[in-house]
Amino acid sequence: MFNLRRYFLLDPSVTYLNHGSFGATPRPVLRAYQDWQRQLERQPVEFLGRRFRDLMSAARAALGDYLGTAADNLVYTTNVTESLNIVARSLDLGPGDEVLSTDHEYGALDRTWRFLSKERRFKYINQPISFTTETTENAEKNKKQRTKISVDSANSVVNSFSIQHFVDELWKGVTPRTRVIFLSHITSPTALLFPVEAVIRRARRAGIITVIDGAHAPGQIPLRLDDLDADFYGGNLHKWLCAPKGAGFLYARPEAQHLLKPLVVSWGYEAEIPGPSQFVDHHEWTGTRDIAAFLSVPAAIEFQQEHDWENVRRACRALAHEAQEQICALTQRPPISGFENGGTTGGSGLQMVAAPLPDSVDLAALKARLYDEYRIEVPLIAWNGRKLIRVSVQGYNTRQDVGKLVQALEELQSAA
Ligand SMILES: Cc1ncc(COP(=O)(O)O)c(C=O)c1O
């Protein structure tokens with residue numbers, strides 16, 4: 001693959017196949033981060049007092065260019081959990097209202113919505129979305145279909161047949177009381193790309209607000225926020241963009257910005273010197289904090305551009321797909337491949353893939369053995385009564401890393 005391992009501080013004794021959880025930051029980006037912290041400490045009043053607004057506005061402009069939107073439609077947050085808490089807590093939901101989601105969502109955000117649904121007495125619904133695990137007979141046919149999967153727009157790597165299937169399954173949960181649809185762009189437990197674009201379009205026509213959890217999207221798939229046109233989109237930059245921890249963002253489309261209330265009310269509310277955007281004023285200054293992670297996002301964007309990340313991503317996707325196929329061959333379980341007929345990308349389109357493990361596996365024991373005996377960091381996930389392994393492949397990984405995992409699984413399987 002690429003000789004990129006040297007850029008990362010990752011412990012060489014660990015086979016790290018879990019970029020999806022917290023990302024990892026390359027040395028030049030970490031240096032930029034620490035340089036910002038040093039600048040702050042040299043003259044805190046100059047930095048946080050006089051320069052804050054210009055520094056943040058430049059960092060938002062760079063992110064806006066990268067994500068296809070204007071700087072003033074974005075604010076930096078510490079992480080996507082914060083971004084989506086701002087949205088969920090702002091919306092005027094109450095008894096009789098419904099928030100529709102899926103059964104593939106990230107636990108922390110499910111909890112956010114459940115907490116609010118109890119407090120404000122609306123309904124939070126996790127609509128089941130099935131994914132197919134291919135039968136052996138279908139596998140060959142589906143493999144052919146998967147090769148047809150193409151990047152049909154900057155935002156999705158899907159085929160239209162599976163989009164319809166997804167939207168139909170989701171829409172079974174829509175009622176006249178549905179006020180909000182909340183969806184992951186790429187799911188955490190099942191590593192699937194959801195066709196959010198089609199959902200957003202249909203929801204807009206139905207007058208339903210869309211809130212997208214883009215924790216895994218920026219840096220992993222092409223993302224143009226204005227084209228996508230969600231009402232609200234939260235993302236992490238410390239995952240696949242490899243920015244330092246503590247760099248997330250919240251996008252709100254201009255027509256929806258007025259719906260948001262600051263989670264932390266500070267000087268930007270009733271601002272003495274208002275900036276060009278009230279949305280930015282309300283959310284950007286939340287009190288004294290370290291803004292170095294935000295300011296290093298342009299360095300993270302540059303790092304990937306300088307290292308031809310399009311190619312890195314392509315190679316990572318191919319290796320992730322190989323990992324999925326090898327694990328499935330070993331466990332004799334069909335791959336998780338999105339929707340009907342191997343539809344949205346399992347395997348071929350993402351740097352993160354999930355594969356089913358046998359029901360008899362003790363996840364905690366297997367995880368401990370993988371780490372303690374083989375020094376392999378990889379998440380094992382219990383999801384909806386199924387057992388899954390999720391493999392992430394980033395530029396620092398090699399075919400040997402995947403080989404080690406497959407060999408360890410093989411040894412542990414034959415010892416069981
Ligand atoms: C789909 C999804 N949403 C949200 C999050 C939460 O990210 P954070 O803890 O950085 O807010 C994660 C983290 O892995 C995730 O996978």
Side-chain angles (χ1 to χ4, degrees), residues 1-2 4-5 7-26 29-30 79-81 104 106-108 184 186-193 213-221 235-248 300 312-313 315-324 326-328 331 336 346-347 350-357 361 363-383 386-409 412:
M1 293 248 304
F2 301 87
L4 294 171
R5 179 79 186 200
Y7 287 108
F8 290 83
L9 284 88
L10 291 165
D11 181 347
S13 73
V14 174
T15 300
Y16 202 77
L17 291 164
N18 191 6
H19 190 88
S21 280
F22 301 116
T25 303
V29 180
L30 203 69
N79 52 55
V80 69
T81 306
H104 295 243
Y106 186 68
S184 287
I186 295 171
T187 62
S188 173
T190 45
L192 293 171
L193 177 73
D213 173 354
H216 292 279
Q220 184 174 181
I221 57 171
N236 271 337
L237 303 163
H238 60 250
K239 286 190 196 278
W240 296 94
L241 188 64
C242 301
K245 313 299 169 266
V312 172
R313 271 190 283 265
C316 290
R317 288 196 295 262
L319 184 54
H321 187 50
E322 264 178 59
Q324 192 188 42
Q326 287 178 28
I327 295 169
C328 289
T331 58
I336 294 171
L350 295 176
Q351 288 173 249
M352 191 167 78
V353 292
L357 293 172
V361 162
L363 288 184
L366 179 60
K367 172 122 183 97
R369 293 196 70 180
L370 281 171
Y371 195 67
D372 297 344
E373 295 172 31
Y374 295 89
R375 302 283 284 160
I376 295 173
E377 188 67 75
V378 67
L380 305 184
I381 297 164
W383 176 80
R386 296 174 194 242
K387 294 175 178 175
L388 308 173
I389 182 168
R390 192 187 76 183
V391 180
S392 292
V393 178
Q394 185 51 293
Y396 50 76
N397 289 119
T398 60
R399 181 156 283 113
Q400 284 89 319
D401 292 337
V402 167
K404 268 191 201 163
L405 172 67
V406 175
Q407 194 183 336
L409 289 172
L412 293 171

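Positions are given from 1 along the sequence.
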Can you list everything that forms a side chain to side chain donor-acceptor pair (under 3.5 Å) with [X]? Sequence neighbours excluded, please.
| X | result |
| --- | --- |
| Tyr106 | none |
| Tyr374 | Glu411 |
| Glu322 | Arg399 |

To check you understand the geometry: which heavy-atom pair defines the closest contact between [X] and [Y], and what is its length?
| X | Y | answer |
| --- | --- | --- |
| Cys316 | Gly395 | SG-N, 3.6 Å |
| Ala408 | Leu370 | CB-CD2, 3.8 Å |
| Val80 | Ala215 | CG1-CB, 3.8 Å |
| Ala24 | Cys242 | O-CB, 3.3 Å |
| Leu30 | Thr25 | N-CG2, 3.8 Å |
| Gly20 | Ser392 | N-OG, 3.1 Å |

*State, yes or no, whether a side-chain contact exists between Arg317 and Arg313 at a heavy-atom distance under 4.5 Å.*
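Sidechains of Arg313 and Arg317: in contact.
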
**Q.** Side chains of Leu380 and Val361 in contact at under 4.5 Å (non-hydrogen atoms)
**A.**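 They are not in contact (no side-chain heavy atoms under 4.5 Å apart), so the answer is no.
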
With sequence neighbours excluded, what pairs up with [X] under the side chain to side chain contact (heavy atoms under 4.5 Å, CB included) test?
| X | answer |
| --- | --- |
| Thr15 | Leu17, Ile376, Asp401, Lys404 |
| Ala354 | Ala191, Ile336 |
| Thr190 | His104, Phe131, Thr187, Leu192, Trp383, Leu388 |
| His216 | Ile186, Ser188, Gln220, Lys239, Trp240, Met352, Arg390 |

- Query: From Glu373 CD over to Leu412 CG, what is the distance, rounded to the nearest 0.5 angstrom?
  - Reply: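 Output value for this atom pair is 6.5 Å.
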
**ring-ring contact (aromatic ring centres under 6.0 Å, His included) partners of Tyr7, counting only residues at least two apart** =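 ring-ring contact (aromatic ring centres under 6.0 Å, His included) check on Tyr7 returns Phe303, His307.
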
| query | Residues in salt bridge (charged side-chain N to carboxylate O under 4.0 Å, His left out) with Lys367, at least two apart? | reply |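 Listed in chain order: Glu377.
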
Please enumerate all residues that pass salt bridge (charged side-chain N to carboxylate O under 4.0 Å, His left out) together with Arg5, with sequence neighbours excluded.
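Result, salt bridge (charged side-chain N to carboxylate O under 4.0 Å, His left out) vs Arg5: none returned.
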
Once salt bridge (charged side-chain N to carboxylate O under 4.0 Å, His left out) is applied, what residue pairs with a partner in residues 10-25 remain, sequence neighbours excluded?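 The answer is Asp11-Arg375.
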
Backbone N or O of Phe22 within a donor-acceptor pair of the Lys245 side chain at under 3.5 Å?
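Between the backbone of Phe22 and the side chain of Lys245 there is a qualifying donor-acceptor contact (under 3.5 Å).
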
inquiry  = Checking Thr331 against Ile389 for the side-chain contact (heavy atoms from CB on, under 4.5 Å) test, could you report, in this order, the C-alpha distance in whole Å, the side-chain angles of both residues, the deciding distance, and whether it holds?
reply    = CA-CA 11 Å; Thr331 58; Ile389 182 168; over 6 Å; no

**OP:** Let me see the working for Gln394 and Tyr16 under side-chain contact (heavy atoms from CB on, under 4.5 Å), right down to the final yes or no.
**Re:** CA-CA 9 Å; Gln394 185 51 293; Tyr16 202 77; over 6 Å; no

